[in-house]
Amino acid sequence: MDAERKARIADLVVTAQPVWDESRDGGVLQVFLNEIGCHGVDAVMVTSQVVGCSLGEAKTMFISAACRAAELAFHNSVLESLEPCES
């Protein structure tokens, strides 16, 4: 990860931490991150650091949030395209 991205993630963690501290709700955190334009891998990384969980747990929190329906649809379409073809 380059220095610019590390700095951006660190700034987003500082910005998002009060939202998590107040709500302790992954959905609320994802709505906040979505509203400030934090998406995809960056949102997962921020979630992991703010919540203090693994990247896998953060990905689940990210992908299961109602406000991330478009990301979930994309994720599912990619996974479906990776499934082996049946003959």
Side-chain angles (χ1 to χ4, degrees):
M1 182 176 358
D2 63 36
E4 182 180 326
R5 189 172 198 185
K6 279 184 182 180
R8 183 175 64 246
I9 297 291
D11 288 344
L12 288 165
V13 167
V14 169
T15 302
Q17 191 67 56
V19 174
W20 173 254
D21 291 343
E22 183 176 317
S23 70
R24 297 286 182 195
D25 183 313
V28 170
L29 178 61
Q30 292 310 311
V31 167
F32 175 77
L33 292 174
N34 193 29
E35 288 175 350
I36 65 170
C38 182
H39 305 288
V41 174
D42 286 356
V44 173
M45 292 172 69
V46 170
T47 299
S48 175
Q49 291 182 38
V50 167
V51 174
C53 64
S54 72
L55 287 173
E57 292 167 321
K59 178 186 154 238
T60 298
M61 192 178 296
F62 169 83
I63 212 77
S64 65
C67 67
R68 301 293 191 180
E71 287 92 338
L72 176 59
F74 175 77
H75 172 80
N76 287 341
S77 70
V78 169
L79 289 181
E80 287 173 12
S81 71
L82 296 175
E83 292 179 5
C85 297
E86 294 184 29
S87 7

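- With hydrogens and angles ignored, the 3.5 Å screen pairs no side-chain donor or acceptor of Ser23 with any backbone N or O of Val28.
- Under 3.5 Å, the side chains of Glu57 and Thr60 contain no donor-acceptor pair of N or O atoms.
- With values rounded to the nearest 0.5 angstrom, Gln17 atom CD is found 12.5 Å from Glu22 atom CD.
- Asp42 CG to Arg8 CZ: the interatomic distance, rounded to the nearest 0.5 Å, is 4.5 Å.
- To the nearest 0.5 angstrom, Thr47 atom OG1 is 13.0 Å from Lys59 atom NZ.
- The two residues Met61 and Gln30 make their nearest non-hydrogen contact at O-CG, 3.8 Å.
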side-chain contact (heavy atoms from CB on, under 4.5 Å) evaluation trace for Arg5 with Val41: CA-CA 11 Å; Arg5 189 172 198 185; Val41 174; 3.7 Å; yes
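- Here Ser77 contributes atom OG and Leu82 contributes atom CG; the two are 9.5 Å apart, rounded to the nearest 0.5 Å.
- One distance of note links CZ of Phe62 with CG of Leu29; it measures 11.0 Å at 0.5 Å rounding.
- For residues 28-41, there are no salt bridge (charged side-chain N to carboxylate O under 4.0 Å, His left out) pairs, not counting sequence neighbours.
- Ala16 approaches Leu33 most closely through the heavy-atom pair CB-CD2, 4.0 Å.
- One distance of note links CD1 of Ile9 with SG of Cys38; it measures 6.0 Å at 0.5 Å rounding.
- Counting heavy atoms from C-beta outward, Ile63 and Val44 have side chains that stay 4.5 Å or more apart.
- Nearest approach of Ser48 to Ala58, heavy atoms of both residues: N-CB, 3.6 Å.
- Between Val50 and Trp20, the shortest heavy-atom contact is CG1-CB, 3.3 Å.
- Linking Ile, Leu, Val, Met, Phe, Trp and Tyr whenever their side-chain heavy atoms come within less than 4.5 Å puts Met45 and Ile36 in one cluster.
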